[in-house]
Amino acid sequence: MIKHAGMGLAVWLVGCAAPASMPAAVSPDPPEEEALVVVPTPPASSATSTAPREAADARMLGDDERLAAGIVRFRGVARPSKRGIDIRSVPFDPEALRKALRSDDSVEELFGAQVEVVAELTSRPSRPAQPTDAPTVQTDASGSFEAVRLLAASVVAPPAVIEGRVTRAKGLYAVGDRMVSRDDLAWALDGGDDPLGKRVRLWGQPRDHHCDPRAQCLSGGIIPMFRVGRGQWLP
């Protein structure tokens, strides 16, 4: 009797056991704590820290002061050329300049703006003007430098706009009450037709030229000039 009872208990236990093919129950792992992300601080010698310091220490060059090699700060009207965007005849890559300005404007919208740049300049050999340079490339007395690095840039003044009929004035052209050089009009309007008597729209910066006391000048000793960055024919 006891033997049969023992066998029955064994059969009952085997029947209640989980099949071999069923996986054992697994308790879910406790959620991990969020990892702390530490961003390393750049060393003091890195470019991210030296560039602002170099820009802050850059020597400011006046509008009438000749450019110089080294890290300098200067201003000029942004103008198009075959080399990119010229500022005081120093060429800059358009996209690099837009990035430095943090500007979403198109490159064309920068033409005529007064831009201040901090750049490392190096002198470059001067080359004689080529026939293909006119009228798409402007030249400047200080135009013998290349930018090795562009450290900073900012728009000092957006483009001013003047428009009207082109007239003659003291060996120059005039649009409204501002005088424009022949060279500026030639390249800004792609040469071609004589602009005299025609209507134009110009983007750029007004600048009053103060004459030498002994020079023959307009009343008040000031010539109201306009530095052109872009031009357009009007009907």
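Positions are given from 1 along the sequence.
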* Are the side chains of Met60 and Glu65 in touch, meaning some heavy atoms are under 4.5 Å apart? -> no
* Which atom pair, heavy atoms only, marks the closest approach of Ala153 to Leu97? -> CB-CD1, 3.9 Å
* Measure the spacing between CZ of Arg230 and CD of Glu108 and express it to the nearest 0.5 Å. => 4.5 Å
* For residues Asp57 and Ile71, determine if any side-chain heavy atom of one lies less than 4.5 Å from a side-chain heavy atom of the other. => no
* Using a cut-off of 6.0 Å, state whether more than 12 heavy atoms not belonging to Arg59 lie near its atom CZ. => no
* Contact summary for Leu67 and Val90, nearest pair of heavy atoms -> CD1-CG2, 3.4 Å
* **Validation row: Asp105, Arg98 side chains within 4.5 angstrom (heavy atoms)** => no
* **pair Val200-Trp233: side-chain heavy atoms closer than 4.5 Å** => yes
* **Worked verdict on Ile87 versus Glu116 for side chain to side chain contact (heavy atoms under 4.5 Å, CB included)** => CA-CA 9 Å; Ile87 299 175; Glu116 180 175 296; over 6 Å; no
* Asked: Is it true that a side-chain atom of Arg207 and a backbone atom of Phe226 form a donor plus acceptor pair closer than 3.5 Å?
  -> no
* Are Val107 and Val77 connected in the hydrophobic side-chain network, where two residues link if heavy atoms are under 4.5 Å apart? -> no
* Got a second to check how far Arg182's CZ is from Leu196's CG, nearest 0.5 Å? -> 8.5 Å
* **Intermediate values then yes/no, side chain to side chain contact (heavy atoms under 4.5 Å, CB included), Val155 and Gln114** => CA-CA 6 Å; Val155 174; Gln114 179 85 345; over 6 Å; no
* Structure fact -> Interatomic distance, CE@Met179 vs CG@Asp208, rounded to 0.5 Å, equals 11.0 Å
* Within-4.5 Å side-chain heavy-atom neighbours: Leu202 and Leu185 -> yes
* To do: Give the minimum heavy-atom separation between Pro80 and Phe111, together with the two atoms involved.
  => CB-CZ, 3.5 Å
* Asked: For Asp63, does the CG atom sit with more than 12 other heavy atoms under 6.0 Å from it, leaving out its own atoms?
  -> yes
* For the atom pair CG (Asp184) and CZ (Arg79), what is the distance rounded to the nearest 0.5 Å? -> 4.5 Å
* Hey, what do you get for CG (Leu101) to NZ (Lys99), rounding to the nearest 0.5 Å? -> 12.5 Å
* Flag side-chain contact, heavy atom, 4.5 Å: Leu189 against Lys198 -> no
* Separation of Leu151 CG from Glu54 CD (nearest 0.5 Å) -> 5.5 Å
* Closest heavy-atom contact between Ala119 and Phe92? -> CB-CE2, 4.0 Å
* Structure fact -> Arg73 and Ala55 have their tightest heavy-atom pair at NH2-O, 2.6 Å
* **Least distance between heavy atoms, Asp86 atom then Ser81 atom** => OD1-OG, 3.0 Å
* Asked: Should Val115 and Leu110 be counted in the same cluster of Ile, Leu, Val, Met, Phe, Trp and Tyr side chains packed under 4.5 Å apart?
  -> yes
* Side chains of Arg199 and Pro235 in contact at under 4.5 Å (non-hydrogen atoms) -> no
* Between Arg227 and Gln205, does any side-chain donor sit less than 3.5 Å from a side-chain acceptor? -> no
